[in-house]
Amino acid sequence: MTDAEVAALDAADPLAHFRDAFELPEGLIYLDGNSLGPLPKATRVRLSEVVAGEWGRSLIRGWNDHDWIGAPRRVGAKLAPLIGAESDEVICADSTSANIYKLAVAAMQARPGRAMVLSEPGDFPTDLYMLEGAVRTLGEGRRLELREGSEIEAALSPDVALLVLCHAHYKTARIRDMVRLTAAAQAVGALVLWDLSHSAGVLDVDLNGANADLAVGCGYKYLNGGPGAPAFLFVARRHQADLVSPLSGWMGHAAPFDFPDAYAPAEGIGRFACGTPPILGLAALECGVELTARAGKSALRAKAGLLTDLFIRRVEAGPAGGELALATPRETAERGGHVSWRHPDAFAIVQAMIARGVIGDFRAPDIARFGFSPMPLSFAETARAADILGEVVSTRAYDDPRYRQRSAVT
Ligand SMILES: *Cc1c(COP(=O)(O)O)cnc(C)c1O
C-alpha cells in the first residue's frame, strides 16, 4: 500500500475526529490500547469535578445527590449497546477476575449434578485460575477440564455445567464463533460464559444475537476506563432470577439500607454487585464508555479490521517480512483488534520499538503484540509503526543489550 493510499484511508475515516478526544504524548505511536486504553480528555475534567465538586462538597450526600449509588447500573446500561445487551443486563463492578468467579460459581450451582467446567488451555491465565478456585470452593467432585479449541465441541456432554471461553484470544486475537459454540453448549444443557476483555469496544459483539447466557470483560482496555478500572458482567435477563452470586455482599441485597441479618438477593442484574462501588473508578470508566459508545461498535469493528490489515500487509511486504511469523489469523473476520508476531527475540524487539516511540507489548515466551485501538489511531501511524518494526528487525537494532532488561510488568 502506497503512502497516498494510506492518506486516503485517513481522509475517509469516519472515526478520525476521535483522535482529538484523547490525551496522548506528542510523537508517540501507542499500540497498547488493548492493554491500557489511553486517557480521554473528558476523563481528566470529569474526575476533577467528581473529586472536588462531588466528593469535596457533597460528601456523603453524593450517594443520592450525584447518584453515585446508581453508577454501576448506569455505566452498565451505557456499555450495553457495545456488546449487544439490554440496559438491564449489564453491571459494572469488581474486576474481571472476581466477576468470573461470581458467575462461574453461580452457574455451577444452577446446574447441580453436572461435574464439569470446560475451558481451553493457553488463554488468559486469570480466567483459568479463577475457575480452579470456583471448582475448589464448590467441591462435590466438580472439576475443570481444558480442551484445545478444535476439541471443545466434542467435549460437550451432559456432564458439563459451564463452558468458559475468551471471545478474542489475548495473544493471537483469534475470534471464537460465539453463535455456534453457545448453541452447541446449550444443546447439552450447559451454560456459557464469554470473556469479552479483548472484544468490548473494538468488535461488533452481539450477545443477545448469539443467545448468550453470561459474559464478563475488562474496563481498562478498549473501553478506556483507566488503570484498574471496574470490569463489567452480563447476565441474560432469562437467567437473572435463577443465579445467585457467591459473593453475597450488601450491595447486591434486595434492601441494603434495611440492614437485615439475612441475605436476600436483589431483583435483576443488581444482585451481582458485591461491596460499595468505587465511584472515582466508575466516573473514569463512564467517560471511556460514553466515548466508545458514541463511536459505535460497527464503525469500531470496521476500522480495527482495516488497521490490522494494513499493519500485517505492510510488515510482510517490508524488509522483516520473512523473519516475523504472523501469530494472528490472516482473515480479517477471524481476528480482533491486535496483531501478534512470533520471534525468538520478541522481548528485545518490543523494547527497541518503545525506544523509537512505538509502544506495543511482549507476551511470553515469543510474542510481540500490537493493539489497534480504533479511536485514537490513524492509518498513517499504523504504516509508520510497521516501517519501524521492519527497520528494527531487519537491521537487528534489537541486539543492543539495553533492550534485554526486564521489569516486573511486561
Ligand atoms: C485483561 C484480561 C483480564 C484481566 O483481569 P483483571 O481481573 O482485570 O486483572 C482477564 N481476562 C482476560 C481474557 C483478559 O484479557
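One-based numbering along the sequence shown. In listed order, ligands and their atoms are each counted from 1.
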Requested in this report: Name the closest protein heavy atom to atom 11 (N) of ligand 1, giving the residue it belongs to and the distance to 0.1 Å.
Outcome: D127 OD1, 2.8 Å

Report task. Considering only non-hydrogen protein atoms, determine which one is nearest to atom 5 (O) of ligand 1 and report residue, atom name and distance to 0.1 Å. Result -> T96 CB, 3.6 Å

**Report entry** Atom indices of ligand 1 within 4.0 angstrom of Y220 heavy atoms, with elements
**Finding:** 1 (C), 4 (C), 5 (O), 6 (P), 8 (O), 9 (O)

Report task. Check each heavy atom of D195 against ligand 1 and say whether those closer than 4.0 Å belong to the side chain, the backbone, both or neither. Result -> side chain

Query raised in the report: Heavy-atom contact under 4.0 Å between C166 and ligand 1?
Result: yes

Query raised in the report: Considering the options R142, R114, R143, which one meets the salt bridge (charged side-chain N to carboxylate O under 4.0 Å, His left out) requirement together with D159?
Result: R143

**Report entry** For S95, the ligand 1 atoms whose distance to one of its heavy atoms is below 4.0 Å
**Finding:** 7 (O)

Report task. State whether the shortest distance between N or O atoms of T126 and N or O atoms of ligand 1 falls below 3.5 angstrom. Result -> no

Report task. Run the numbers for me: atoms of ligand 1, each under 4.0 Å from some heavy atom of H198, listed by number. Result -> 15 (O)

Query raised in the report: In ligand 1, which numbered atoms sit nearer than 4.0 Å to a non-hydrogen atom of K221?
Result: 1 (C), 2 (C), 3 (C), 14 (C), 15 (O)

Query raised in the report: Aromatic rings F259 and W250: how do their planes relate, parallel, tilted or perpendicular, breaks at 30° and 60°?
Result: parallel

Query raised in the report: Hey, do the aromatic rings of H198 and F124 have their centres closer than 6.0 Å?
Result: no

Query raised in the report: Between R406 and F347, is NZ or CZ placed under 6.0 angstrom from the six-membered ring centre and within 45° of the ring axis?
Result: yes

Query raised in the report: Is it the case that D400 and Q351 place a side-chain donor and acceptor less than 3.5 Å from each other?
Result: no

Query raised in the report: Taking atom OH of Y129 as the centre, does the number of heavy atoms from other residues, nucleotides or ligands within less than 6.0 Å exceed 12?
Result: no

Query raised in the report: Hey, is D123 touching ligand 1 through its side chain, its backbone, both or neither, going by heavy atoms under 4.0 Å?
Result: neither

Query raised in the report: Looking just at side-chain N and O atoms, do R238 and N211 make a donor-acceptor pair shorter than 3.5 Å?
Result: yes

Query raised in the report: Any side-chain donor-acceptor pair under 3.5 Å between R363 and S340?
Result: no

Query raised in the report: Among protein heavy atoms, which sits nearest to atom 7 (O) of ligand 1, and what does the distance come to when rounded to 0.1 Å?
Result: S97 OG, 2.6 Å

